[in-house]
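Since this is a predicted model, take the numbers as computed values, not measurements. Protein chains get the first letters and strands the later ones, always in sequence-line order, with residue 1 at the start of each.
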Amino acid sequence: MTEIPQSYDPAKAEREWSERWERDGIFRWDPTRSRAETFAVDTPPLTVSGSLHIGHAFSFTQADVIVRYQRMTGKNTFYPIGWDDNGLATERRVQNVFGIRPDPRKAYDPAWQPTRERPKDAPVEEVSRRNFVEACGLVTAEDERAFEDVWRRIGLSVDWTTQYATIDERCRRTSQLSFLDLERKGEAYQKFAPTVWDVDDRTAVAQAEIEDRELPGAYHDIRFSVDGEPPITISTTRPELLAACIAVVAHPRDERFRTYFGKTARTPLFHVRVPILPSEHADPEKGTGILMVCTFGDQADVEFWRGRELPLRQLIGLDGRMRPVRFGPSPFESAEPGEAQAAWAELEGKTVKQAQAKIVEQLRAADALVGEPRAIVHAVKFYERGSRPLEFVPTRQWFVRLLVHKQALLEQGRKVEWRPAYMRARYENWVEGLNQDWCISRQRYSGVPFPVWYPLDADGAPDHSRPIIAAPESLPVDPLSAAPPGYTEAQRDRPGGFSGDPDVMDTWATSSLTPQIASGWPLDMDRHAKLFPMDMRPQAHEIIRTWAFYTIVKAWLHEREIPWRNAAISGWILDPDRKKMSKSKGNVVTPMHLLEQYGSDAVRYWSASGRPGTDTAFDEGQMKVGRRLAIKMLNASKFVLGAAGDAPADLSLVTRPLDRAMLADLGGVVAECTAAFDAYDYARSLERTERFFWSFCDD
RNA sequence: GGGCGGAUAGCUCAGCGGUAGAGCGGCGCCUUUACACGGCGCGGGCCGGGGGUUCGAAUCCCUCUCCGCCCACCA
């Protein structure tokens, strides 16, 4: 028995307990025990690109409380800890810290070392992808140490011997093995197609990373001439895409345009002839009831273009600027090529915004603008980390099939116990709303590479239809620094040789494998069988559509399984003004000083009093209460162990009615708390226990 | 536009069919061994509005209002 201290000194107690837990190894998972005796947790790997805030302490404590309950019931707990140091967040941070940028074409330099001491005006240094990734490792290792200090201080009962990082060798191997399996099954495929593209980061992004933002815009009414009919006026918010117009559409039952269907309209300025077609997606009530379809203004344009024999007139380049375009032969065929080319010359190279201003001038001069632009506010799609609207740009990307699995994924979601149960609706909402497969390739550097090369023909052009897939035993592999089987490094990027796939995978392609990474799939299937499906996935609600969803996808595609039986969804921490706490708002509270001020027990008490899934206001008052409770417990324990330490252990010897009533009450509390914990409702358990404890002390 | 949560004391929240609860804050009282890193007590609420079910509704049903979130629309 640990001696009861005379006074409340949280820092000392926390240190001593932490050391003792470490020494005794009580958080270690015992691989010899059966699956039935095991409680496996799919711990969230925290992004180590910044600092912890109190919300992390809040949600991790809630999970820890459940894990500790399971351990107390005798379960062999598997509670790993991981770090997410893969992806754009890390990449941006490393660029800032070391002033470096990766150049995938550069060769690895083993002697190169990053430095922080560089002049402020020094140019950005370009290094090989491998050197860059090594620099990422230096930064994230420091962050991980700082995070570990907080977790140990707060008493997180994870097994520190199980640490992994999403960019480490094991995760890269698992992630690449996952890709191999999906490619072999035909679930991963590559396609050259219009893809959601971020023009600042110059990478494709997936549906899950898109968010809407309200932005000012304007309707521009533009007059198109029509052969044998009066002109029509279309309404558009993207006049700069006029040259990309491939059709004009109205609703099939819209009487105003009945005689127009099948005829040809002619765009102003560029004099390109486009068909007038009926389409259900045109809303007679909106704008002028007739609209232009461009390649590509929005998702509806992509869908209209797809499956029809219409040309591709891509105007916007990968950098978001107007590309060079020739109004020569098809697809930019113009009835007045000279005039079209002159108009385009003024737009080429401009950003979307600049081009929009310019074309309004041009339209006005050509008397093709009807009235003035009408200002509106509309929702525009952005990459969640981006600062300019997304574009659709045709590029070659790797995808994972989702749409054909929708029904199966809904059914998998129903096999998971969502806690609280209403969180399932968010998952189902998301799955039902899926409109594209999962684009898993990113044109970035820090991440898991695709274990793929492409043969080059005699002209040095890659043949994407015959990818060379790495052998499983060679993983992890970086195709930019290793040659494929049957080739030598000298043949890299040479005609008749090979070229490595330059892309990396979406960070979620790896994060979606956290249960498999921790369980050892697919290399240690005995261990995997003892841990998978796992019991609990703790996570926050805003990443149900990403992390939870993709994890369910991978478990289904690989093994036709659910990844875990329970999804324990935590809420956010709101600042006292009820705004979400986030770094960008500058209202973040960091946990360490709270731990020092109030003690871990107090911070844990506050965390555990937040109900599952519920957003909770940051409240130091609750921490004071927690601190007081801890003190009260210490003192009550001193009293009980001192004054009543020799009480009979055999309950049948307790005969006084008062004592028996107290024990009966206690029995009820234990039963209620046990039931609450089994239902993942730690907050109820805390409330019942606390209430009983105070009445016990009072009486 | 669809979905999900929430509205209970000044504040943060619990209760979810049987006489309105806790903590904080406010006010008052109490220090010679469990606890001043404390303890005890007092005030304070037409349980968002309206309707219904019931012997009985904060609790169940319908409806409205407001707050938050998720998803969709984006010509």
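Here the P atom of nucleotide B:C70 and the CD1 atom of A:Ile544 are 11 Å apart, to the nearest Å. Rounded to whole angstrom, the span from the CD atom of A:Glu428 across to the P atom of B:C71 amounts to 15 Å. Put simply, OH on A:Tyr605 is 13 Å from P on B:C13, counting in whole angstrom units. Rounded to whole angstrom, the span from the CD1 atom of A:Ile573 across to the C1' atom of B:G68 amounts to 15 Å. As rounded to whole Å, 14 Å separates atom P of B:A72 from atom CG of A:Asp298. Across the protein-nucleic acid pair, A:Glu432 atom CD and B:C70 atom P stand 18 Å apart, rounded to whole Å. One atom, CE of A:Met623, and another, C1' of B:U12, lie 12 Å apart when rounded to the nearest Å. As a whole-Å value, the separation of A:Leu434 CG from B:A72 C1' is 13 Å.
Note that A:Arg684 lies outside the cation-pi zone of A:Tyr682, set by a 6.0 Å cut-off to the ring centre and a 45° limit from the axis.
Ionic pairing of A:Asp681 and A:Arg611 is present here: one or more N-O contacts between side-chain nitrogen and carboxylate oxygen are shorter than 4.0 angstrom.
Taking atom C1' in both B:G48 and B:G6, the straight-line distance is 11 Å, to the nearest Å. Here the separation of B:A20 from B:A58, taken at their C1' atoms, is 8 Å to the nearest Å. Taking atom P in both B:A9 and B:C46, one finds a spacing of 9 Å when rounded to whole Å. The same atom, C1', is picked in B:A57 and in B:C16; the two are 10 Å apart, to the nearest Å. B:C71 sits 40 Å from B:G52 when the P atoms are compared, rounded to a whole Å. Between B:C64 and B:G2, the two P atoms lie 11 Å apart (nearest whole Å).
Residue A:Asp301 is classed as having no contact, given no heavy-atom separation below 4.0 Å to the nucleic acid. Within the 4.0 angstrom heavy-atom criterion, only backbone atoms of the sugar-phosphate kind lie near A:Gln207; the bases stay farther away.
The stretch residues 275-285 of chain A comes close to RNA chain B through A:Ala282, A:Asp283, each having a heavy atom under 4.0 Å from the strand. Looking at residues 667-674 of chain A, you'll see that no heavy atom sits under 4.0 Å from any atom of RNA chain B.
Shown here for A:Ser279 and A:Pro252, the closest heavy-atom pair between the two residues is O-CD, 3.4 Å. In terms of heavy-atom proximity, A:Asp301 sits nearest to A:Gly297 at OD2-N, 2.8 Å.
Applying the salt bridge (Lys or Arg N to Asp or Glu O under 4.0 Å) test to A:Glu690 and every residue at least two apart in sequence or in another chain returns nothing. A search for side chain to side chain donor-acceptor pair (under 3.5 Å) contacts involving A:Lys415 returns A:Gln412, not counting sequence neighbours. By the salt bridge (Lys or Arg N to Asp or Glu O under 4.0 Å) test, A:Arg424 is found to be paired with no residue, residues two or more places apart in sequence or in another chain being considered. In terms of the salt bridge (Lys or Arg N to Asp or Glu O under 4.0 Å) criterion, A:Glu411 has no residue partners (sequence neighbours excluded). With sequence neighbours excluded, no residue forms a ring pair (Phe, Tyr, Trp, His ring centres under 6.0 Å) with A:Tyr383.
Looking at A:Ser18 and A:Arg153, their side chains never bring a donor and an acceptor atom within 3.5 Å of each other.
A centroid separation of 6.0 Å or more is found between the aromatic rings of A:Trp572 and A:Phe58. The six-membered or imidazole ring of A:Tyr550 lies near that of A:Trp438, with a centre-to-centre distance under 6.0 Å. Taking the six-membered ring for Trp and the full ring otherwise, the centers of A:Trp305 and A:Phe296 sit less than 6.0 Å from each other.
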Tabulate atom names and distances for all N/O pairs under 3.5 angstrom spanning the protein and nucleotides 15-21 of chain B.
from	atom 1	to	atom 2	distance (Å)
B:G15	OP1	A:Arg684	NH2	3.3

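Contact of the A:Val248 side chain with the A:Ile234 side chain is registered, since non-hydrogen atoms from C-beta on lie closer than 4.5 Å. At a threshold of 4.5 Å between non-hydrogen side-chain atoms, the residues A:Thr264 and A:Ile276 do not count as touching.
Stem analysis of RNA chain B (at least three stacked-register Watson-Crick or G-U pairs, each with both distances under 3.5 Å) gives B:1-7 with B:65-71, B:10-13 with B:21-24, B:26-30 with B:38-42, B:48-52 with B:60-64.
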Seminar exercise, completed: Going 5' to 3' through nucleotides 1-7 of chain B and flagging B where a protein heavy-atom sits under 4.0 Å of the base, S where only the sugar-phosphate is that close, and - otherwise, we get -BSSS--
Problem set entry | Summary of protein contacts for nucleotides 22-43 of chain B, nucleotide by nucleotide, where a base hit scores B, a sugar-phosphate-only hit scores S (4.0 Å, heavy atoms) | -SS---------BB-BSSS---
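Listed by first then second residue, pairs satisfying salt bridge (charged side-chain N to carboxylate O under 4.0 Å, His left out) with a partner in residues 244-262 of chain A read A:Asp254-A:Arg256, A:Glu255-A:Arg258, not counting sequence neighbours.
The local environment of CZ in A:Phe696 is sparse, with at most 12 non-hydrogen atoms from other residues, nucleotides or ligands closer than 6.0 Å. Within a 6.0 Å sphere centred on CZ of A:Arg213, other residues, nucleotides and ligands contribute more than 12 heavy atoms.
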For this session: Could you give me the CA-CA distance, side-chain angles and deciding distance for A:Phe677 and A:Val65, then say whether side chain to side chain contact (heavy atoms under 4.5 Å, CB included) is met?
Result: CA-CA 9 Å; A:Phe677 267 131; A:Val65 165; 3.6 Å; yes
For this session: Test A:Glu240 against A:Lys350 for salt bridge (charged side-chain N to carboxylate O under 4.0 Å, His left out), laying out the working first.
Result: CA-CA 10 Å; A:Glu240 72 279 12; A:Lys350 288 190 158 52; over 6 Å; no
